[in-house]
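These numbers come from the heavy atoms of this one structure, side chains and all, not from hydrogens, waters or symmetry mates. Protein chains get the first letters and strands the later ones, always in sequence-line order, with residue 1 at the start of each. None of the values given here were measured: they were computed from a predicted structure.
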There are 2 protein chains.
Amino acid sequence: MRRTLSAVEYSGDEEGMASIAKAISHPVRIRILKLLASQQCCFTGELTEIIPMAQSTISQHLKALLDSGLIQGEINPPKVRYCIHRENWLKAHSMFGGFFHADLACRYDCH
Amino acid sequence: MRRTLSAVEYSGDEEGMASIAKAISHPVRIRILKLLASQQCCFTGELTEIIPMAQSTISQHLKALLDSGLIQGEINPPKVRYCIHRENWLKAHSMFGGFFHADLACRYDCH
DNA sequence: CTTGTTAATCGTATATTTGCGATGAACTAT
DNA sequence: ATAGTTCATCGCAAATATACGATTAACAAG
């Protein structure tokens, strides 16, 4: 892709928010997170039974969530147990909470 | 793209969350939202001065944010004034707040 | 009507995402 | 050692996203 000559510099916050947002920008990943968070399941196999998608696709989405830090995996041969990464989950909570804080949007009204 | 035979059915919530998340999944869109929210600017032209990207690219990102509902535009010829869509902003706030609520992640721990 | 300003849209090139089946890796059980 | 189970990774195809320059649209000012 042709990129802008003077590449835009983003803050760590901006990159971080965008990265987490991208992780939850697909409905199946939101569903997976909800399932993990509600403890309705934990092993990959249970997810593949509940969600009508190929195993490889589920695995791919799990990898995306792992990379985002929102979940963690514990190898438990031959299974893998996935869980919410509590610390990062709380970080995401405060990050989005801060971003969407009412004060920001209501400081001034153009209309 | 080859799609799964029995397409996954998502809830309105899941689709909605994913849609908003996708809107803020690019750092430049986060920056635009922060600029609009902090009222450092409002017209498209001001954004194109601050952000080193082609006018057409900024316009494209603004359209994405418009489509998400997070911002609104008021035509003010020959300019267009963009602002945070307060109502949808607050909706997003509660949506993400609810999703990342601590209880969900901490109900149970696999580790 | 012509000119200038502002912003959207079009067309294009490239990068990334998404989904699948097939295969491979890691480990258990026999 | 062999077979079975579970999950990750590879390779591919198709869709989407990203960025740009060029053009168009809408309007004001003269």
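Listed here is the closest heavy atom pair of B/Pro52 and A/Val8: O-CG2, 3.7 Å.
Proximity of B/Ser56 to the phosphate of D/dC20: no side-chain N or O atom is located under 4.0 Å from OP1 or OP2. Phosphate proximity of C/dT17 to A/His61: absent, as no side-chain N or O sits under 4.0 Å from OP1 or OP2. Regarding contacts with the backbone of D/dA8, a side-chain N or O of A/Ser59 is found under 4.0 angstrom from either OP1 or OP2. Note on B/Arg81: every side-chain N or O is 4.0 Å or more away from OP1 and OP2 of C/dA7.
For B/Phe100 and A/Phe96, the distance between ring centers is under 6.0 angstrom.
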Close N or O pairs between protein and nucleotides 26-30 of chain C (under 3.5 Å):
none

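Taking a 4.0 Å limit (strictly below) on heavy-atom distances, residues 12-27 of chain A does not reach DNA chain D anywhere.
Contact annotation for A/Thr44: backbone-only contact, meaning every heavy-atom pair under 4.0 Å involves sugar-phosphate atoms and none involves a base.
With sequence neighbours left out, the side-chain hydrogen bond (donor to acceptor under 3.5 Å, both in side chains) criterion links A/His26 to no other residue.
With hydrogens and angles left out, the side chain of A/Gln55 and the base of D/dA8 share a donor-acceptor pair within 3.5 Å.
Taking for each of A/Thr48 and B/Val28 the nucleotide of DNA chain D with the nearest heavy atom, the 5'-most of the two is the partner of A/Thr48.
What separates CG of B/Leu66 from P of C/dA8 is a distance of 8 Å, to the nearest Å.
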